[in-house]
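Values reported hereafter were calculated over all heavy atoms of this structure, with side chains retained and with hydrogens, waters and symmetry mates removed. Since we're looking at a predicted model, the values are computed, not measured. So that the names make sense, note that chain A is the first sequence line, chain B the second, and so on, each numbered from 1.
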Amino acid sequence: MKQLKTELVSQKEIAASIYEAVVFHKEIDESFQPGQFVHVKTGFGSDPLLRRPISICHVEPSKHELTMIYRAEGKGTKVLAEMVPGVEVDLLGPLGNGFPVEKTMEGETALLVGGGIGVPPLYYLSQELTKRGVNVKHVHGFQTSSVVFYEEKFKAYGPVTITTADGTYGEEGFVTNQLDMNADYLFACGPSPMLKALENYQAKKGVYLSLEQRMGCGIGACLACVCHVQGDETGFAYRKVCSDGPVFQAGEVVL
Amino acid sequence: MKQLKTELVSQKEIAASIYEAVVFHKEIDESFQPGQFVHVKTGFGSDPLLRRPISICHVEPSKHELTMIYRAEGKGTKVLAEMVPGVEVDLLGPLGNGFPVEKTMEGETALLVGGGIGVPPLYYLSQELTKRGVNVKHVHGFQTSSVVFYEEKFKAYGPVTITTADGTYGEEGFVTNQLDMNADYLFACGPSPMLKALENYQAKKGVYLSLEQRMGCGIGACLACVCHVQGDETGFAYRKVCSDGPVFQAGEVVL
Amino acid sequence: MSRLRVELPGLDLKNPIMPASGCFGFGREYSQFYSLDQLGAIMVKATTHEPRFGNPTPRVAETTSGMLNAIGLQNPGLERVMVEELPWLSKFDVPIIANVAGSTIEDYVTVAEEISTAENVHALELNISCPNVKEGGLAFGTVPETAYEVTKAVKEVSSVPVYVKLSPNVTDIVQMAKVVERAGADGLTMINTLLGMRIDLKTGKPILANGAGGLSGPAIKPVAIRMIHQVSQQVNIPIIGMGGVQSAEDVIEYFLAGASAVAVGTANFVDPFTCPTIIDALPALLDELGVHHISELTGRSWKTEWNLQSSSH
Amino acid sequence: MSRLRVELPGLDLKNPIMPASGCFGFGREYSQFYSLDQLGAIMVKATTHEPRFGNPTPRVAETTSGMLNAIGLQNPGLERVMVEELPWLSKFDVPIIANVAGSTIEDYVTVAEEISTAENVHALELNISCPNVKEGGLAFGTVPETAYEVTKAVKEVSSVPVYVKLSPNVTDIVQMAKVVERAGADGLTMINTLLGMRIDLKTGKPILANGAGGLSGPAIKPVAIRMIHQVSQQVNIPIIGMGGVQSAEDVIEYFLAGASAVAVGTANFVDPFTCPTIIDALPALLDELGVHHISELTGRSWKTEWNLQSSSH
Ligand SMILES: Cc1cc2nc3c(=O)[nH]c(=O)nc-3n(C[C@H](O)[C@H](O)[C@H](O)COP(=O)(O)OP(=O)(O)OC[C@H]3O[C@@H](n4cnc5c(N)ncnc54)[C@H](O)[C@@H]3O)c2cc1C
Ligand SMILES: Cc1cc2nc3c(=O)[nH]c(=O)nc-3n(C[C@H](O)[C@H](O)[C@H](O)COP(=O)(O)OP(=O)(O)OC[C@H]3O[C@@H](n4cnc5c(N)ncnc54)[C@H](O)[C@@H]3O)c2cc1C
Ligand SMILES: Cc1cc2nc3c(=O)[nH]c(=O)nc-3n(C[C@H](O)[C@H](O)[C@H](O)COP(=O)(O)O)c2cc1C
Ligand SMILES: Cc1cc2nc3c(=O)[nH]c(=O)nc-3n(C[C@H](O)[C@H](O)[C@H](O)COP(=O)(O)O)c2cc1C
Ligand code: FES
Ligand code: FES
């Protein structure tokens with residue numbers, strides 16, 4: 001976990017309001033793991049004030065480059081989208097605990113389920129799983145055709161099913177209708193209703209969900225991002241999404 | 001008076017922390033007069049919030065270009081200095097009443113006295129006076145040699161005496177020690193102590209001083225920038241620096 | 001445009017957007033940018049009985065996403081406002097809300113009585129919350145008893161409905177609101193500025209000649225939203241909200257909190273076209289939110305019926 | 001570095017910069033960025049008698065140049081703070097200011113009595129101004145009588161000096177300050193957050209699950225400066241100032257207003273190195289201002305002797 005004043009190498013709109021930004025810093029290396037995130041300062045003054053949590057979509061350790069994919073929707077991400085190559089992008093990272101890639105073994109199967117801007121971290125995950133010889137399948141849900149991204153890129157690692165809520169691309173409906181029920185692992189990232197729907201998926205070896213929560217510090221100090229622990233009777237047990245998560249095993253925390 | 005979303009054509013540091021910025025907008029034309037100013041939005045969000053008043057240093061009506069020279073010192077001007085050619089610079093202008101160029105006549109003499117960042121508006125003034133056949137002399141005071149600018153440019157219109165407070169360039173001391181006492185007109189812009197010292201200069205035809213004041217709206221609506229009227233017994237008479245000024249005849253308002 | 005039309009005591013507004021008092025003078029300057037006919041109403045600069053010069057300069061200072069002002073109620077006095085400013089404004093088809101200030105209750109009464117007779121003045125805004133004058137001003141707005149008295153006295157003489165402008169510099173804004181409602185106020189306008197200060201590092205002294213001043217701009221919006229959210233649940237008179245409004249989205253936030261109309265202050269200085277830009281943007285934003293008429297939004301953040309409705313979506 | 005050294009009741013600070021309570025946990029996280037030895041002191045997260053989970057999420061929302069929080073005093077409770085957190089912090093050479101909170105006076109007394117015995121706790125900060133808990137919290141900080149009582153009760157049991165943290169959500173901050181001074185407070189810390197709210201346009205409801213929350217960050221700095229300017233002229237106990245501090249310049253502004261030390265809250269989230277960066281920048285800034293020792297700046301904005309001195313320059 002470091003503060004890195006990275007350089008914006010490139011930035012492009014890869015789908016409607018969805019941007020892919022690549023940053024460079026010599027300390028970007030293999031310590032950045034799939035499912036971890038970076039906390040990004042957008043703009044220069046005090047408006048917007050807080051950093052924005054963005055998942056690590058990909059890291060090229062040899063080039064010291066990190067890719068993020070984000071939707072420019074609110075104030076901060078819109079400012080980020082306006083930043084041009086060459087400018088400094090201040091980020092904290094790598095933050096949190098990612099997907100447990102190290103638990104997986106060659107020949108196992110993993111189902112990766114992403115919803116909207118929950119899809120990006122699965123890309124890096126898919127690559128790392130593939131490297132270990134895990135067989136990967138993807139199911140990605142989007143609102144509509146114009147916001148679909150990275151389909152081809154994911155195909156390099158395994159089959160990809162796309163769903164759109166309005167049926168304008170791929171299968172109509174939600175990811176939950178397209179799940180292969182035989183995977184050893186399920187790894188998912190997306191909006192909270194999607195995660196809730198996946199919580200009871202019976203994967204043989206484990207279901208891991210990446211959560212979202214509004215954050216202050218992003219490093220575990222401010223207690224903005226806590227969630228309750230499942231089965232805790234005292235009511236006081238908690239996990240911090242930023243530093244204990246964002247990835248939790250299904251059943252660990254209350255969604 | 002219009003809101004113009006101009007394009008920043010060029011920007012360079014011409015002396016220590018002194019920037020020359022040129023902006024383009026097709027509505028920049030001869031209606032922009034020497035001594036008037038523009039009210040400039042710096043940066044994009046709400047921080048900094050208020051516009052910054054900057055004098056018109058020069059206008060090229062044929063090219064629809066306006067030049068400003070400013071010192072990057074506080075928050076807003078520092079943000080402005082970071083803006084790169086191609087970006088939009090939102091300004092209101094032309095604002096206020098400038099120097100009464102139209103009163104001058106061929107063959108008359110004018111002494112132009114500038115202090116620090118009060119020098120820029122005199123450049124456009126000097127050009128316009130010269131066009132009318134007025135004989136122009138310049139006395140410009142600066143803190144120190146590193147912040148002296150535009151000496152050669154002013155020389156194109158008439159002799160230039162430079163003073164520096166620390167004696168590192170030109171004459172040591174203040175502009176007030178270098179005044180030719182025979183001019184028909186004295187036109188001055190600079191810090192308030194300098195203007196006070198010049199208030200009683202006996203020019204045959206008139207002394208005109210350009211004032212500075214902290215502003216809110218810049219157009220006469222908020223009453224942030226008022227000054228008292230000399231000799232007013234009621235105490236209620238006032239002038240607004242932004243819309244009645246910034247140029248006043250010596251003796252009109254209380255400095 | 002009828003989806004923006006709002007009716008409030010004394011005010012039939014073609015839209016609920018108006019410049020806030022003190023940030024628009026008497027309209028002359030901004031009329032150089034656009035026709036004032038577009039505005040829902042205009043809250044003109046505070047008027048006192050006698051002319052006032054106000055405070056020494058500097059009168060404004062910038063803060064992070066805000067500004068401080070200590071104008072000190074400079075104005076030409078009741079007579080000139082009646083003879084010069086209001087008649088000039090009458091050429092526009094826009095109701096005027098006259099901001100009334102004073103140092104004593106008699107001052108308020110005198111101004112209110114006369115100014116409320118001006119043809120285009122459709123409502124008064126009682127400024128009992130100006131932080132920038134020594135006597136009166138803020139004191140009226142922070143002491144419930146005086147707030148009550150001045151409101152009641154003005155109500156008795158005013159020919160038009162009276163809105164009372166609340167100060168945020170109080171421990172209990174709900175109490176103040178209830179007190180002025182009880183005194184007969186027809187509506188509330190809130191919030192006036194928060195008391196603030198900036199100090200110049202070089203001189204070591206406050207930037208404003210007056211020392212402290214009133215903080216306005218986007219920085220204070222969350223305080224205004226909170227207060228309107230609280231007050232609108234406890235009173236039965238409408239609220240015109242203000243504080244940091246810059247966009248149509250901000251306006252919607254104020255309505256959701258409990259406002260029935262919204263005023264724009266500091267933002268006029270930042271972008272002179274703020275009011276017409278907001279007015280133009282509102283219909284599309286209402287579409288996006290699936291709302292037909294803007295008034296449907298008032299108080300939705302706390303209205304439980306709406307909670308039930310929306311949860312069935 | 002002796003030009004930054006500051007002595008306050010119970011506190012011998014190598015510099016006057018410390019993280020503000022609730023914005024730095026118990027130091028563990030930020031110790032990954034830099035050694036906590038560098039800090040003047042640490043104001044740790046509020047401790048209550050029993051553990052608390054706090055409020056439901058979302059607990060934070062961004063505002064223009066500020067943020068709202070409604071954490072709700074989540075903390076592991078007195079016992080674990082005594083056994084785990086404070087001992088962990090004792091490996092650093094830095095005095096701890098323990099932030100004490102509760103729902104009843106007894107709660108405060110219990111926590112204060114015990115926590116003040118911890119070896120590295122050099123002072124208490126009495127949090128009578130938390131806007132985010134239903135009972136106690138803000139109520140203690142807005143009613144003079146209760147503020148008096150809780151301060152007095154805690155003073156009686158505390159083994160270390162007691163600083164009282166004032167709420168800005170009051171009509172008369174000077175009165176509150178005087179009351180707690182009279183009750184025996186050794187110092188003041190101010191300000192806690194302003195009450196604010198943001199509403200989500202899409203849901204129509206407040207962003208924070210709690211509804212309202214505490215506004216912090218640069219947006220509130222002018223309010224804090226104004227209050228410290230007022231209070232420091234009326235009390236004889238020192239003030240640790242806070243609210244929107246981001247830079248060494250901000251720190252100087254607080255000193256000029258009347259603070260004797262300064263705490264950094266929200267800025268830690270924006271830049272984790274804010275405290276050490278400020279500490280490093282201060283000496284050069286003092287040089288620029290021609291000041292030898294930072295304490296010389298306390299209250300200069302209102303000290304008349306300094307007016308006279310400086311005018312002879
Ligand atoms: C661990 C984690 C990883 C994420 N990864 C990605 C990603 O790879 N790509 C992507 O597009 N988005 C991602 N998000 C969501 C992203 O953080 C928000 O969309 C973003 O913060 C919204 O900022 P804004 O400026 O667009 O909106 P604004 O409305 O201006 O945001 C205001 C405040 O609310 C917070 N906020 C608003 N929406 C969210 C949200 N959904 N989750 C958390 N905070 C929010 C912002 O961080 C900010 O503090 C991730 C969130 C988390 C927690
Ligand atoms: C009519 C007029 C013409 C001017 N022309 C020029 C020019 O051509 N070149 C130039 O460099 N400067 C000029 N100035 C001064 C310039 O406006 C200030 O230096 C600038 O506003 C400071 O902004 P900042 O962001 O650097 O400082 P900040 O400290 O961030 O400013 C904070 C606030 O104070 C105001 N302020 C601070 N100093 C001054 C000042 N000296 N005068 C007025 N407002 C101030 C700012 O406008 C802003 O609202 C002019 C001022 C006026 C009134
Ligand atoms: C320069 C200035 C002058 C003001 N003058 C008045 C006034 O005369 N009467 C009044 O009731 N409010 C006055 N106000 C307060 C505004 O009407 C408004 O309540 C406040 O600024 C908050 O809104 P904003 O954040 O949109 O500016 C003034 C505000 C500013 C900035
Ligand atoms: C997330 C968060 C949690 C806070 N928790 C506490 C707390 O536990 N006790 C307390 O006295 N103040 C608490 N505060 C208030 C801060 O200590 C500080 O007074 C306030 O945030 C203003 O300073 P700032 O603008 O630098 O953040 C908290 C503030 C924030 C932002
Ligand atoms: S965001 Fe601060 S603890 Fe998680
Ligand atoms: S700056 Fe507003 S009247 Fe001059």
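Considering C:Thr63, C:Thr64, C:Thr266 in turn, C:Thr266 is the only one that fulfils the side-chain contact (heavy atoms from CB on, under 4.5 Å) rule with B:Leu49.
For the atom pair CD (C:Gln74) and NZ (B:Lys240), the distance works out to 8.5 Å, reported to the nearest 0.5 Å. Atoms CG and CZ, on B:Leu92 and C:Phe269 in that order, are 12.0 Å from each other to the nearest 0.5 Å. For the atom pair CG (B:Asp47) and CD (C:Glu62), the distance works out to 7.5 Å, reported to the nearest 0.5 Å. Between atom NE2 of residue B:His228 and atom CZ of residue C:Phe53 there is a gap of 3.5 Å, rounded to the nearest 0.5 Å. Expressed to the nearest 0.5 Å, how far CG of B:Leu223 lies from CZ of C:Arg59 amounts to 6.5 Å.
In terms of heavy-atom pairs under 4.5 angstrom with chain B, the leader among C:Pro56, C:Pro218, C:Gly244 is C:Pro218. Residue with the most contacts toward chain B among C:Ala219, C:Gly66, C:Ala61: C:Gly66 (heavy-atom pairs, distance under 4.5 Å). The most heavy-atom pairs under 4.5 Å with chain B, out of C:Asn75, C:Asn268, C:Ile207, come from C:Ile207. Each of B:Cys217, B:Gly218, B:Ser243 has some count of heavy-atom pairs under 4.5 Å with chain C, and the biggest count is that of B:Cys217.
Within a 6.0 Å radius of CZ in B:Phe174, no more than 12 heavy atoms belonging to other residues, nucleotides or ligands are found. Other residues, nucleotides and ligands contribute more than 12 heavy atoms inside 6.0 Å of the CD atom of B:Glu13. Taking a 6.0 Å sphere around OH of B:Tyr169, one finds it holds 12 or fewer heavy atoms contributed by other residues, nucleotides or ligands. A 6.0 Å sphere centred on CD of B:Glu102 holds more than 12 heavy atoms belonging to other residues, nucleotides or ligands. Within 6.0 Å of CD in B:Gln143 there are 12 or fewer heavy atoms belonging to other residues, nucleotides or ligands.
Both the backbone and the side chain of C:Pro58 come within contact range of chain B, with heavy atoms under 4.5 Å apart. When heavy atoms are compared at a cutoff of 4.5 Å, C:Phe24 approaches chain B solely by way of its backbone atoms N, CA, C and O. Looking at B:Gln213, the atoms closer than 4.5 Å to chain C (heavy atoms on both sides) all sit in the side chain, from C-beta outward. Using a 4.5 Å cut-off between heavy atoms, B:Arg214 contacts chain C through both its backbone and its side chain. Contact of B:Lys75 with chain C is made through the side chain alone, with heavy-atom distances under 4.5 Å. For a residue to count as touching a neighbouring chain, one of its non-hydrogen atoms must lie under 4.5 Å from one of that chain's; by this rule C:Glu50 does not touch chain B.
Closest approach of B:Ala224 to C:Val60, counting heavy atoms only: CB-CG1, 3.5 Å. Looking at every heavy atom in both residues, B:Gln3 comes nearest to C:Phe273 through OE1-CD1, 2.8 Å.
A donor-acceptor distance shorter than 3.5 angstrom exists from the side chain of C:Ser65 to the backbone of B:Ser46, with no hydrogens or angles considered.
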